Amino acid sequence: MSDSTFLAWPFFEERHRRRAADLERFASNELGGLASQAHDADSVGATCREIVRRLGRAGLLEACCVTTAGGAFDVRSLCLSRDILARHEGLADFAFAMQGLGTGPISLFGSSAQRATYLPPVIGGERIAAFALSEPQAGSDVGAIATTATRAGNGYVLNGTKTWISNGGIADHYVVFARTGPESGSKGLSAFIVDAGTPGFTTAEQIRTIAPHPLATLAFNDCRVPSQALLGPEGDGFKIAMSTLDVFRTTVGAAALGLARRALDEALRRCRERVVFGKHLGEYQLSQAKIADMAVGIDAAALLVYRSAWTRDTQGRRVTREASMAKLYATEMAQQVIDQAVQLFGGTGVVSGTTVETLYREIRALRIYEGTSEIQRLVIANTVMAGEASR
Ligand code: COS
């Protein structure tokens, strides 16, 4: 049984503890065996759809969207969900998180008509969402986005390429960022909601990764969308993207935390069961040192993650610095914790399909997506050097 003493921390309210219990029940009853069907890039999309359907049926996707104008995310609920789901099953965490990230801009900036159309089916687990920001030449440098959206009649025409898009190819709608103005860099970007199947919009390529999940390159060739597809004011695209990442970067830290907790659980089991030179592995001080470092890293990351979530929830202000700290520290920590778990498992730790081997592949992308560790350091340094407690 994983350590759940953190739930008594003052960051949480009673409803969060109830949610944690619901998630544990869901994971035990609904996830068993599902992910083993998703062993490659072809089967993973169908498995994600099934996980989303079950999460929706259980009422667990409500935290992913803000349905009322002026409402706010409960970032602690998002983080707890990712922490717990990732500990049980990385793909379930991914499927959950993308329902939130893919509709985050609609929750934060959508009109009432856009909310009413797009959010309820995502909460119900009937429709799948995606967030299309990155391009071949614009990953860390969002200001280099080259996809254009040109005004034409009562709408816009989109041209360009998006890549590394999670849920690409299986999503029902995408929030797409494109350049609408002549300005360069972060100015002149806008956000659009594009439905799958819109003429001129295609999945150019499915991308295969070390930990399979639906990921694709998308092509827009004279893709016409109505003016109602514009999300928020024209020219606010960069702000919309960054505000969304302010919420979801903290949750990436929470997912890393869940993966690390699972690695510690596995390492503890290994220390109890494995006998070497006539003694259990856990009786050796070298093993104990590893366990101690893992436990400290996990608690430190949890404090940063839930500090960021609590600050956002209770103070409602920008948490750019706190979110970057949480993501940076938790993802880097989890990589080390999982690596130590693999070491304790020895040869078994690198056998395909074992839990620690799966974790070893799953954690790697979290240090890259939604802002690399290098970008998080830049963001943190900028805010600290500007003398701001937070931005
Ligand atoms: N919330 C709201 N507004 C924000 C913001 C935030 N979190 N961050 C920046 N802005 C605003 C700024 O206030 C500024 O507005 P003004 O021009 O009105 O002053 C504007 O956006 C530009 O900000 P800044 O100068 O900080 O932008 P940079 O181009 O320097 O940003 C980084 C650079 C690297 C921080 C940004 O491009 C980034 O986060 N890149 C990583 C993107 C990423 O995560 N990619 C992965 C793809 S998503 S899976």
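Note: hydrogens, waters and symmetry copies are ignored here, and every other heavy atom, side chains too, is used. For the single chain, residues carry numbers from 1 onward in sequence order. Start at 1 and go down the list; that is how both ligands and their atoms are numbered. None of the values given here were measured: they were computed from a predicted structure.
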| Close N or O approach (D141, ligand 1; < 3.5 Å) | no
| message | Using a 4.0 Å cutoff against the non-hydrogen atoms of S243, which atoms of ligand 1 qualify? | response | 1 (N), 2 (C)
| task | May I ask you to check whether L245 has an N/O atom sitting below 3.5 Å from an N/O atom of ligand 1? | result | no
| message | Check this for me - ligand 1, S134, N or O atoms closer than 3.5 angstrom, yes or no? | response | no
| task | Output the list of atoms in ligand 1 that are nearer than 4.0 Å to some heavy atom of K239, sorted by atom number. | result | 2 (C), 3 (N)
| note | Contact region, T372 to ligand 1, non-hydrogen atoms below 4.0 Å, reads neither
| query | Taking the six-membered ring for Trp, is the centroid-to-centroid distance between F192 and Y156 below 6.0 Å? | reply | yes
| query | With no hydrogens and no angle check, is any side-chain donor or acceptor of Q376 less than 3.5 Å from a backbone partner on A326? | reply | no
| said: Applying a heavy-atom cut-off of 4.0 Å, say which part of S140 lies close to ligand 1: side chain, backbone, both or neither. | reply: backbone
| request: Please could you name the atoms of ligand 1 that V379 approaches to less than 4.0 Å, counting only its heavy atoms? | output: 35 (C)
| request: Could you tell me whether R249 approaches ligand 1 through its side chain, its backbone, both or neither, with non-hydrogen atoms closer than 4.0 Å? | output: side chain
| field | Pair F238 + F177: ring centers closer than 6.0 Å | value | no
| Which part of F238 is near ligand 1, with near meaning a heavy atom under 4.0 Å away: side chain, backbone, both or neither? | side chain
| Checking salt bridge (Lys or Arg N to Asp or Glu O under 4.0 Å) for the pair D22/R25: CA distance, chi angles, key distance, verdict? | CA-CA 5 Å; D22 291 346; R25 231 180 344 267; 2.5 Å; yes
| task | Mark up the atoms of ligand 1 that fall under 4.0 Å of a heavy atom belonging to G139, in ascending order. | result | 42 (C), 45 (N)
| Do the two ring centres, one from Y284 and one from F277, sit under 6.0 Å apart? | no
| Is there a salt bridge (Lys or Arg N to Asp or Glu O under 4.0 Å) between E30 and R53 once you walk through the steps? | CA-CA 11 Å; E30 300 267 9; R53 204 177 61 77; over 6 Å; no
| task | Run down the list M242, K187, R321 and name the one with the heavy atom closest to atom 15 (O) of ligand 1. | result | K187
| task | With heavy atoms of D246 as the reference, note each atom of ligand 1 found under 4.0 Å away. | result | 1 (N), 6 (C), 7 (N)
| request: Would you mind telling me which of D3, D299, D83, D93 makes a salt bridge (charged side-chain N to carboxylate O under 4.0 Å, His left out) with R261? | output: D83
| query | Does L218 reach the side chain of F201, with side-chain heavy atoms less than 4.5 Å apart? | reply | yes
| task | Mark up the atoms of ligand 1 that fall under 4.0 Å of a heavy atom belonging to T320, in ascending order. | result | 7 (N)
| request: Identify whether NZ of Lys or CZ of Arg in R82 sits under 6.0 Å from the centre of the six-membered ring of F248 and within 45° of that ring's axis. | output: no
| said: If the cut-off is 4.0 Å to any non-hydrogen atom of G371, which atoms of ligand 1 fall inside it? | reply: 43 (C), 44 (O), 46 (C)
| said: Salt bridge check, R49 against D172: does any charged N sit closer than 4.0 Å to a carboxylate O? | reply: yes
| task | Please determine if S186 has a nitrogen or oxygen closer than 3.5 Å to a nitrogen or oxygen of ligand 1. | result | no
